[in-house]
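Below is one structure, written out as structure tokens, with a few remarks after it.
Just so we're clear, the structure is a prediction, and the values are computed from it rather than from any experiment. For the single chain, residues carry numbers from 1 onward in sequence order.
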Amino acid sequence: MYYSHFGLNQAPFKITPNTEFFFSGGNRGPILEALIYAITHGEGIIKVTGEVGSGKTMLCHMLPTRLPAHIETVYIANPSVSPEEIVHAIAFELQLDVDRGAPRLEVMQALHDFLLARYAEGKRVVVFVEESQSMPLATLEEIRLLSNLETRNDKLLQIVLFGQPELDDNLRQPNIRQLRERITHSFRLEPLVPGEIREYLMFRMRAAGYRGPDLFTNSVVKHIARTSLGLTRRVNLIADKALLAAFSENTHTIKPKHVEAAVRD
């Protein structure tokens with residue numbers, strides 16, 4: 001609606017993860033590079049935590065675009081399943097020829113054979129598990145058992161757990177300590193601070209085609225930082241509605257009142 005008003009060619013603040021809008025500030029770029037290194041060189045389980053709307057899904061979508069071609073990725077978006085179902089879910093995503101009602105041991109054997117074949121071709125498989133704080137403890141334990149699939153020298157399956165801070169609470173449970181000890185790399189996405197939010201806002205605007213001067217004053221950025229708590233999803237929602245409020249007044253100047261209207265909405 002406001003795109004032509006601000007000289008944009010697409011929406012700058014959609015909350016769906018578009019890798020064209022990946023912001024490397026706020027330590028996101030270094031975390032992405034560290035994840036790439038950990039996946040290509042690591043042997044344990046990797047954990048990424050952050051509050052709701054902090055950018056975990058964007059990282060998850062960025063990784064397949066940056067990982068080497070010999071690494072195949074599997075994406076599990078709904079981990080609230082039983083131990084048997086998580087094995088079937090991975091087999092389904094890998095398009096293995098197993099019946100949905102096949103017993104666990106049969107699916108595990110098919111998965112093991114598939115991974116060995118990939119390994120013989122010089123390829124590796126990594127599983128990304130989103131919202132893993134919702135995963136039952138028994139299913140987390142099944143994840144640990146999956147990480148046991150290996151040759152004499154190398155792991156056959158790499159696992160990356162993405163979750164909210166509650167994942168750390170789950171991993172502190174005594175009956176899950178074996179999994180906790182398998183985690184070799186842990187990363188945490190922190191909220192953006194006001195200076196990073198200013199960079200983030202203008203980065204997204206430029207990526208969407210904006211070519212004018214900085215739209216966001218210090219007072220506007222501070223207001224957005226305070227109300228969004230530095231979480232990128234909230235920043236996107238507020239900025240989108242603030243631009244719409246400015247457009248409705250036929251102005252190109254974003255004012256605190258536009259942010260206030262966005263927050264109220």
Side-chain angles (χ1 to χ4, degrees), residues 1-36 48 50-69 73 75 77 128 130 162 189-265:
M1 181 180 293
Y2 55 73
Y3 301 167
S4 60
H5 182 74
F6 289 100
L8 304 169
N9 51 43
Q10 59 181 312
F13 296 111
K14 294 184 71 173
I15 61 174
T16 50
N18 181 346
T19 54
E20 294 179 13
F21 288 87
F22 175 70
F23 176 63
S24 61
N27 208 35
R28 270 59 177 172
I31 288 177
L32 175 62
E33 295 302 325
L35 280 168
I36 293 169
V48 182
E51 288 290 350
V52 176
S54 60
K56 298 183 298 297
T57 300
M58 176 66 89
L59 271 180
C60 196
H61 282 73
M62 280 297 297
L63 281 166
T65 71
R66 296 284 303 278
L67 286 168
T73 59
Y75 182 73
F128 300 137
E130 275 243 84
F162 292 86
L189 292 178
E190 299 292 347
L192 300 181
V193 300
E196 294 165 345
I197 289 175
R198 174 189 289 280
E199 295 175 10
Y200 176 80
L201 290 167
M202 287 312 299
F203 166 79
R204 301 275 302 207
M205 290 292 290
R206 302 292 186 202
Y210 179 72
R211 295 295 177 264
D214 195 333
L215 285 172
F216 303 95
T217 64
N218 287 337
S219 59
V220 166
V221 170
K222 287 179 181 178
H223 197 352
I224 293 176
R226 184 171 62 254
T227 53
S228 68
L229 302 179
L231 300 174
T232 52
R233 186 180 301 162
R234 293 186 184 181
V235 172
N236 286 353
L237 290 168
I238 294 169
D240 176 68
K241 294 178 184 298
L243 288 175
L244 184 59
F247 165 73
S248 67
E249 293 186 359
N250 196 30
T251 179
H252 292 86
T253 303
I254 310 299
K255 301 177 181 178
K257 68 175 183 178
H258 299 138
V259 178
E260 291 168 5
V263 173
R264 284 197 304 271
D265 188 61

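Rounded to the nearest 0.5 angstrom, Leu189 CG and Arg28 CZ are separated by 5.0 Å. The distance from atom CZ of Phe162 to atom OG1 of Thr57, rounded to the nearest 0.5 Å, is 8.5 Å. Atom CZ of Arg198 and atom CG of Asp214 lie 5.0 Å apart (nearest 0.5 Å). Note: His258 NE2 to Ser248 OG = 6.5 Å, rounded to the nearest 0.5 Å. If you take OH on Tyr2 and CG on Leu8, they are separated by 7.0 Å, rounding to the nearest 0.5 Å. The structure places CZ of Phe6 at 9.0 Å from CG of Leu244, a figure rounded to the nearest 0.5 Å.
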- request: Run the numbers on Asp240 and Lys14 for salt bridge (charged side-chain N to carboxylate O under 4.0 Å, His left out), then give the verdict.
  value: CA-CA 8 Å; Asp240 176 68; Lys14 294 184 71 173; over 6 Å; no
task: Would you check, one step at a time, whether the test side chain to side chain contact (heavy atoms under 4.5 Å, CB included) holds for Val220 with Leu215?
output: CA-CA 9 Å; Val220 166; Leu215 285 172; over 6 Å; no
task: Determine, stepwise, if the pair Glu196 / Asn27 fulfils side chain to side chain contact (heavy atoms under 4.5 Å, CB included).
output: CA-CA 10 Å; Glu196 294 165 345; Asn27 208 35; over 6 Å; no
- prompt: When you look at Asn236 and Arg234, which way does the side chain to side chain contact (heavy atoms under 4.5 Å, CB included) test go after all the steps?
  reply: CA-CA 5 Å; Asn236 286 353; Arg234 293 186 184 181; over 6 Å; no
message: Under the criterion side chain to side chain contact (heavy atoms under 4.5 Å, CB included), I'd like the reasoning laid out for Ile15 against Leu237: C-alpha separation, chi angles, the key distance, then a yes or no.
response: CA-CA 7 Å; Ile15 61 174; Leu237 290 168; 3.9 Å; yes
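You'll find the side chain of Leu243 stays beyond 4.5 Å of the side chain of Lys241, heavy atoms only. Thr227 has its side chain within reach of Ile238: a pair of non-hydrogen atoms, C-beta onward, lies under 4.5 Å apart. Taking the side chain as every heavy atom from C-beta outward, Leu231 and Val52 never approach each other to under 4.5 Å. Counting heavy atoms from C-beta outward, Met202 and Tyr210 have side chains that approach closer than 4.5 Å. Using a 4.5 Å heavy-atom threshold, the side chains of Glu51 and Pro191 count as separate. Looking only at side-chain heavy atoms (C-beta outward), Ile36 and Leu67 come within less than 4.5 Å of each other. Considering only heavy atoms from C-beta on, Thr65 stays 4.5 Å or farther from Phe22 through its side chain. Proximity of Ile197 to Leu201: side-chain heavy atoms (C-beta onward) are separated by under 4.5 Å at one or more points.
The two atoms that bring Pro30 and Ser24 nearest to each other are CD-O, 3.9 Å, heavy atoms only. Taking each heavy atom of Val235 and Ser228 in turn, the nearest pair found is CG2-OG, 3.4 Å. Of all heavy-atom pairs spanning Phe21 and Ala208, the tightest one is CE2-N, 3.9 Å. Thr19 and Met58 make their closest contact through CA-SD, 4.1 Å (heavy atoms, listed as atom of the first residue, atom of the second, distance). Contact detail for Met205 and Phe216: the closest heavy-atom pair is CG-CE1, 4.1 Å.
Two rings, from Tyr75 and His61, have their centers less than 6.0 Å apart.
In this structure, His252 contributes its side chain and Ala246 its backbone to no donor-acceptor pair below 3.5 Å. In this structure a side-chain-to-backbone donor-acceptor pair under 3.5 Å is missing from Lys56 to Val48.
In this pair, Phe23 and Tyr200 present their aromatic rings perpendicular. The plane angle is above 60°, beyond the 30 to 60° band.
Taking Arg206 as the reference, nothing meets the salt bridge (charged side-chain N to carboxylate O under 4.0 Å, His left out) condition, with sequence neighbours excluded.
Classification of Glu249 and Lys257 as a salt-bridged pair holds, one side-chain N sitting under 4.0 Å from a carboxylate O.
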